[in-house]
Amino acid sequence: MAPCKKVLMLTTRPPCRSTLAAFGVAVDCVAPGKKPPGDACLTAVHEFLGHDLYTELPGHRFAVTADFAAAAAADASRYDALVVPGGRFVERLSVDPLAVSLVAAFAGETATRRRPVVVTCHSQLLLAAAGAMRGVRCTAFFSMRRVVELAGGRWVEPDPLGLCVADGNVLSAIGWPAHGEIIRELLRAMGARVAGGRGQAVLFLCADYVDDYEANVLFRALAGVGCRVEAACPTKRKGEACVTAIYDATPAAASDASSPGRGSIDQGHLLLAAAGLLDGRSCASGVATRVVAGLAGAASVRHGGAVADGKLVTAASWPDLAEFIAHIISLLGITISF
C-alpha cells in the first residue's frame, strides 16, 4: 500500500526516519548543498564523558533522499509534517534564508491547516530565527533556555528527559531520550490511529558496545506505539547503563510470553545461533554473520533486508531497520492507520 502521509526532514536523523518509514509514512530527507543520489549527512552522537559539556562523536552517514531547494519551495505543500532534528548543523541552517522561510511557512500556518513541526535539542534555534517562537511553550537542551525566552517563547523544563511538549503544531523535546514521546505525539498530530500496542511488553537483551542506532531506534519506536519496553544486561543491575557504539552489531529483541517472538539484527544472530533458533529457518544476515547463520543450520540466508519466518524476525544491518520494525510491530499485532 502506498504511503498516505509524507514528512519532510531537514537533514537526516535516524530515529524518526526509520520509525516513520516502518509505520508506512514516506520521509524525504533534505539538506542545503546536498543532492541525491550519493550525498549524505554525517550524524553525531553527543555523550557526557566527564567534561563540562558533552563530547561530539561521529555517527552513521545517512543519505539525503530529495533536493532541498525543490522541497523547500513549491513542493513543501505536499508534506504533512516537518522534522528538524537536533545538532550543531542548526547553527548554519539558522542563517540560511530558504531553511528559515521553510520553517516559518510550517510554523505560521493558520488553524485550517496546521501541520506539525518537530524540533529537538538545539533545532529550536530555527523556530527563533523564523520568528515563530513567540508565545509557544517549548523545551530544548538546557543551554537553549535563554534563546527560547529571548525569542518570546515560554520555557518548559525538560523533566523528565523523555518529555515532549506539544503546543499548537509545535512539538519540542530535549533530544533522543524523548524520541518515544516524539513519535507518539507526531502520530497523534498527523491523525494516526494506533491499535494493539497497549499491554505489549518487549525485552531488549544487550551489553556494552551494542550498536547505538539499532538499539535506540527500535526501543523508542516500540515505546512510541505504547509498548512497555525494557532493557536487560547479564552483567549489569537495573539503573546501570550500557555503552553504545557506532558499528554493525546489535541487540536481540524478544517480545513477551503472551505474544512469543524474537528477532535480531546482524551480530545479534550469534545469540540466536547459540540458542539453536536459526536451524531450518529463513533469515537475513549481513556479512559479519552470514557464515554463522549457515553453520547454525539456516535453511536460507537473504543478503540484506529483513525476513520474518513465523515468529522469528531477522535483519542484515541498520539500514534495514524500517523493514525490521515493520515486521516486529506486525508480529505484535500493532496496526497504524491514518
Side-chain angles (χ1 to χ4, degrees), residues 7-11 13-16 19-20 43-56 80-97 99-111 113-190 216 219-220 223-224 241:
V7 170
L8 180 63
M9 188 173 298
L10 272 180
T11 76
R13 184 65 176 167
C16 281
T19 301
L20 291 174
T43 61
V45 177
H46 292 164
E47 187 58 90
F48 286 90
L49 300 177
H51 309 302
D52 289 339
L53 193 60
Y54 55 77
T55 298
E56 188 171 84
D80 300 289
L82 174 67
V83 176
V84 189
R88 292 190 301 117
F89 76 94
V90 179
E91 298 166 6
R92 185 168 65 89
L93 263 62
S94 70
V95 294
D96 184 302
V100 172
S101 65
L102 174 64
V103 173
F106 272 84
E109 289 179 327
T110 63
R113 190 190 186 196
R114 301 200 73 186
R115 295 173 292 176
V117 178
V118 178
V119 287
T120 69
C121 196
H122 291 75
S123 63
Q124 290 79 348
L125 182 62
L126 260 176
L127 274 186
M133 184 72 78
R134 185 162 300 278
V136 176
R137 294 178 64 252
C138 186
T139 192
F141 188 68
F142 303 104
S143 64
M144 292 293 295
R145 175 171 182 167
R146 295 299 176 230
V147 174
V148 170
E149 293 174 339
L150 287 170
R154 297 158 56 196
W155 174 255
V156 177
E157 199 69 23
D159 185 17
L161 294 179
L163 175 69
C164 176
V165 176
D167 189 357
N169 63 329
V170 175
L171 310 179
S172 61
I174 191 173
W176 64 264
H179 275 133
E181 282 300 309
I182 291 169
I183 292 298
R184 185 175 305 171
E185 289 293 337
L186 181 55
L187 289 175
R188 179 195 59 78
M190 291 196 298
N216 271 306
F219 192 102
R220 311 292 169 184

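Everything quoted here is computed from the prediction, not taken from an experiment.
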Q: Give the C-alpha distance, both sets of side-chain angles, the deciding distance and a yes or no for side chain to side chain contact (heavy atoms under 4.5 Å, CB included) between V103 and L93.
A: CA-CA 10 Å; V103 173; L93 263 62; over 6 Å; no
Q: To the nearest 0.5 angstrom, please state how far the OG atom of S94 sits from the CG atom of L127.
A: 12.0 Å
Q. Between L82, V84, V83, V118, which is the residue that forms a side-chain contact (heavy atoms from CB on, under 4.5 Å) with M9?
A. V83
Q) Backbone N or O of T120 within a donor-acceptor pair of the S123 side chain at under 3.5 Å? A) yes
**Q.** Donor-acceptor under 3.5 Å (T139 side chain, S172 main chain)
**A.** no
Q: Looking only at non-hydrogen atoms, find the nearest pair between A107 and R114 and report the distance.
A: O-NH2, 4.3 Å
Q: Indicate the atoms forming the closest heavy-atom contact of H122 with G87, along with that distance.
A: CB-O, 4.0 Å
**Q.** For F219, all residues meeting ring pair (Phe, Tyr, Trp, His ring centres under 6.0 Å), sequence neighbours excluded
**A.** F204
Q. For the residue pair Y54 and H46, does the interplanar ring angle fall in the parallel (under 30°), tilted (30 to 60°) or perpendicular (over 60°) class?
A. parallel
Q) Is the backbone N or O of R115 less than 3.5 Å from a side-chain atom of N169, with the two atoms forming a donor-acceptor pair by type? A) yes
Distance-only donor-acceptor pairs under 3.5 Å for side chains of residues 182-190, two or more places apart:
residue	atom	partner	partner atom	Å
R184	NH1	E181	OE2	2.9
R184	NH2	A223	O	2.6
E185	OE1	R188	NE	2.9
E185	OE1	R188	NH2	3.0

Q: Measure the spacing between CG of L126 and CE of M133 and express it to the nearest 0.5 Å.
A: 9.5 Å
Only distances under 3.5 Å count here; give the side-chain donor-acceptor pairs of residues 143-166 to other protein atoms, sequence neighbours excluded, each with its distance to 0.1 Å.
residue	atom	partner	partner atom	Å
R145	NE	E149	OE2	3.0
R146	NH1	E149	OE1	2.5
W155	NE1	E157	OE1	2.9

Q) If you measure from SG on C121 to CZ on F142, what distance do you get to the nearest 0.5 Å? A) 10.5 Å
Q) In Å, rounded to the nearest 0.5 Å, how long is the span from CD of Q124 to CD1 of I174? A) 9.5 Å
